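Below: the structure, in structure tokens.
Remember, predicted model here, so these are calculated numbers, not experimental data. Sequence lines set the chain letters: A, B, ... in the order given, protein chains first and strands last, and positions in each chain run from 1.
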There are 2 protein chains.
Amino acid sequence: MSASLHAIFKRIRAEGYKLTRPRRVVIEVLAGGETHMGASEIVAAVRQKAPDVGRASVYRALELLTRLGVVQVSAMGRATTVYMLTPACCHHHLVCVECRRTVELNECALRDLEKSLASRFGFQVQGHLVEIYGRCEACQDNPGSAPL
Amino acid sequence: MSASLHAIFKRIRAEGYKLTRPRRVVIEVLAGGETHMGASEIVAAVRQKAPDVGRASVYRALELLTRLGVVQVSAMGRATTVYMLTPACCHHHLVCVECRRTVELNECALRDLEKSLASRFGFQVQGHLVEIYGRCEACQDNPGSAPL
DNA sequence: TACGAAGTGAGATGTTGTCTCAATTATACG
DNA sequence: CGTATAATTGAGACAACATCTCACTTCGTA
Ligand SMILES: [Zn+2]
Ligand SMILES: [Zn+2]
Ligand SMILES: [Zn+2]
Ligand SMILES: [Zn+2]
């Protein structure tokens with residue numbers, strides 16, 4: 001799925017940042033968990049593996065990793081955000097706005113677009129996020145019955 | 001840009017919800033403001049137009065409007081979310097992970113994909129969100145200098 | 001008019017995110 | 001391998017954000 005952990009670690013050092021324990025554990029947790037996790041879930045999982053890691057450091061790590069393009073933040077149609085490792089082999093999300101269930105898509109419609117952006121805007125593309133919203137089959141008849 | 005306010009109001013009633021003052025004002029604020037606004041900005045703007053509207057109702061309206069596909073929530077690479085009216089004529093975001101500046105794109109690479117999803121997954125597509133992350137020209141040389 | 005369902009405002013409460021600062025540690029260099 | 005040093009950390013205070021409860025209002029319908 002995502003780039004190997006080793007490659008990510010190397011990347012952090014290459015950018016001039018230290019590869020510290022909090023950063024390493026956050027990455028491992030994201031790699032081992034669900035496709036996307038809330039910040040509090042990440043904090044809990046990190047402290048299970050490394051009880052001495054502070055909450056602030058988890059947030060700081062997530063912020064850095066987002067800047068590096070290693071991690072992506074998404075709202076998934078909600079008020080609070082979730083984090084995920086940026087998938088190397090592109091997967092987009094189909095999100096049901098009623099029940100919040102998601103389906104992962106393995107096709108990508110943006111590769112060509114990305115290339116053209118680099119030249120048109122001088123933009124150094126790190127990755128992209130695509131979320132398609134709607135109602136899943138089950139929720140089309142009984143709207144407003146979101147279980148989550 | 002987005003569907004006309006009148007069309008949105010009609011839509012709310014058509015779905016069986018009441019068109020109340022909080023809901024109307026939230027929509028007006030989103031239509032009149034920046035392309036995307038944080039929840040607290042929305043609350044402030046709403047209370048300027050209608051001081052008697054409670055914060056909870058603003059959140060409730062945003063939640064409903066998101067379920068209806070009228071509003072989209074996005075993280076824009078940050079820990080806190082922003083809201084925007086779902087653009088009728090598709091615009092995608094190019095987001096700089098360093099300085100948070102964004103560029104709006106007016107092309108859409110997903111229309112065909114959307115159609116095929118409907119048949120393959122029985123999914124009733126309401127809209128989609130595309131964010132492309134990277135570093136803008138100015139931030140490629142001096143990373144970590146985010147002003148915002 | 002009486003009813004019930006849907007919606008609301010206020011504020012308590014809970015959750016999430018940020019900040020400060022002394023103490024610690026990863027890395028480069030000798 | 002120490003040592004120097006700047007980056008990074010943990011703790012907990014703090015601030016912002018989001019949700020929940022509940023009595024009250026609104027509105028369509030009988
Ligand atoms: Zn659903
Ligand atoms: Zn893609
Ligand atoms: Zn930038
Ligand atoms: Zn599009």
Side-chain angles (χ1 to χ4, degrees), chain A residues 9-27 36-68 71 73-83 100 142-146 148, chain B residues 9 12-27 36-68 71 73-83 100 143-148:
Chain A
F9 296 160
K10 221 166 84 179
R11 171 82 196 292
I12 288 174
R13 276 194 273 244
E15 293 271 352
Y17 298 100
K18 295 181 184 177
L19 179 55
T20 62
R21 200 161 143 65
R23 287 169 184 170
R24 200 172 22 231
V25 179
V26 164
I27 294 167
H36 52 266
M37 305 173 75
S40 59
E41 292 176 274
I42 297 172
V43 170
V46 164
R47 304 196 76 149
Q48 189 136 5
K49 296 183 85 163
D52 51 333
V53 170
R55 193 163 41 110
S57 293
V58 173
Y59 278 95
R60 286 186 285 232
L62 290 171
E63 199 263 350
L64 172 65
L65 294 170
T66 303
R67 281 217 338 270
L68 296 184
V71 163
V73 198
S74 163
M76 298 290 265
R78 288 240 211 195
T80 50
T81 53
V82 294
Y83 298 82
R100 310 291 175 188
N142 51 341
S145 65
L148 231 171
Chain B
F9 296 161
I12 288 173
R13 276 194 273 246
E15 293 269 354
Y17 298 99
K18 295 180 186 175
L19 180 54
T20 61
R21 200 162 143 66
R23 287 169 185 170
R24 198 171 27 231
V25 178
V26 164
I27 293 166
H36 52 267
M37 305 173 74
S40 58
E41 291 176 275
I42 297 172
V43 170
V46 163
R47 305 198 73 149
Q48 189 135 5
K49 298 184 86 163
D52 52 334
V53 170
R55 192 180 52 248
S57 293
V58 173
Y59 278 96
R60 286 186 284 235
L62 290 171
E63 197 263 351
L64 172 66
L65 294 169
T66 303
R67 281 217 336 269
L68 296 184
V71 163
V73 198
S74 163
M76 299 288 266
R78 287 242 215 188
T80 50
T81 53
V82 294
Y83 298 82
R100 312 289 176 188
S145 65
L148 231 173

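In this entry the distance linking CZ of A:Arg21 with P of C:dT25 reads 11 Å, nearest Å. Between the C1' atom of C:dG17 and the CG atom of A:Leu62 lies a distance of 11 Å, rounded to the nearest Å. One atom, CD of A:Glu15, and another, P of D:dA7, lie 16 Å apart when rounded to the nearest Å. Between A:Glu63 atom CD and C:dT16 atom C1' the separation is 16 Å, expressed in whole Å. In this entry the distance linking CD of A:Glu41 with P of C:dT15 reads 14 Å, nearest Å. Computed from coordinates, the B:Leu19 CG to D:dT26 P distance equals 16 Å when rounded to whole Å. B:Leu64 has its CG atom 17 Å from the P atom of D:dA18, to the nearest Å.
Across the interface with DNA chain C, nearest-nucleotide mapping of B:Ala79 and B:Arg55 shows B:Arg55 to be the residue nearer the 5′ end. Between B:Tyr83 and A:Asp52, the residue anchored closer to the 5' end of DNA chain D is A:Asp52, taking for each the nucleotide with the nearest heavy atom.
Across D:dA13, D:dA6, D:dA11, the shortest atom-to-atom separation from the side chain of A:Arg47 is found for D:dA11. Ranking D:dG10, C:dT8, C:dA5 by closeness to the B:Arg60 side chain, first place goes to C:dT8. Nearest nucleotide to the B:Lys18 side chain, out of D:dT8, C:dG17, D:dT26: D:dT26. Which of C:dA10, C:dT16, C:dA26 sits closest to the side chain of A:Ser40 comes down to C:dT16.
Using a 4.0 Å heavy-atom distance criterion, A:Ala56 is classed as a base contact. Residue contacts shown for B:Arg23 are limited to sugar-phosphate atoms, with no base heavy atom under 4.0 Å away. Across all strands shown, A:Arg24 has no heavy atoms under 4.0 Å from either base or sugar-phosphate atoms.
Side-chain nitrogen and oxygen atoms of A:Arg13 include at least one within less than 4.0 Å of the OP1 or OP2 phosphate oxygen of C:dT27. OP1 or OP2 of D:dG10 lies within a sub-4.0 Å distance of a side-chain N or O belonging to A:Ser57. Regarding contacts with the backbone of D:dT26, every side-chain N or O of B:Thr20 stays at 4.0 angstrom or more from both OP1 and OP2. Not one side-chain nitrogen or oxygen of B:Tyr59 sits closer than 4.0 Å to the OP1 or OP2 atom of D:dT19. The shortest distance between the side-chain N/O atoms of A:Thr81 and the OP1/OP2 oxygens of C:dG17 is below 4.0 Å.
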request  = Mind running side chain to side chain contact (heavy atoms under 4.5 Å, CB included) on A:His36 and A:Met76 for me, showing each step along the way?
outcome  = CA-CA 10 Å; A:His36 52 266; A:Met76 298 290 265; 3.4 Å; yes

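B:Tyr83 contributes atom OH, which lies 12.0 Å from atom CD of B:Glu41 (distance to the nearest 0.5 angstrom). A distance of 6.5 Å separates CG of A:Leu64 from CD1 of A:Ile12, quoted to the nearest 0.5 Å. Between the NZ atom of B:Lys18 and the CZ atom of B:Arg24 there is a distance of 13.5 Å, given to the nearest 0.5 Å.
Contact detail for A:Val53 and A:Pro22: the closest heavy-atom pair is CG1-CB, 4.0 Å.
A:Tyr17 and A:Arg67 form a side-chain donor-acceptor contact under 3.5 Å, judged by distance and modelled atom types alone.
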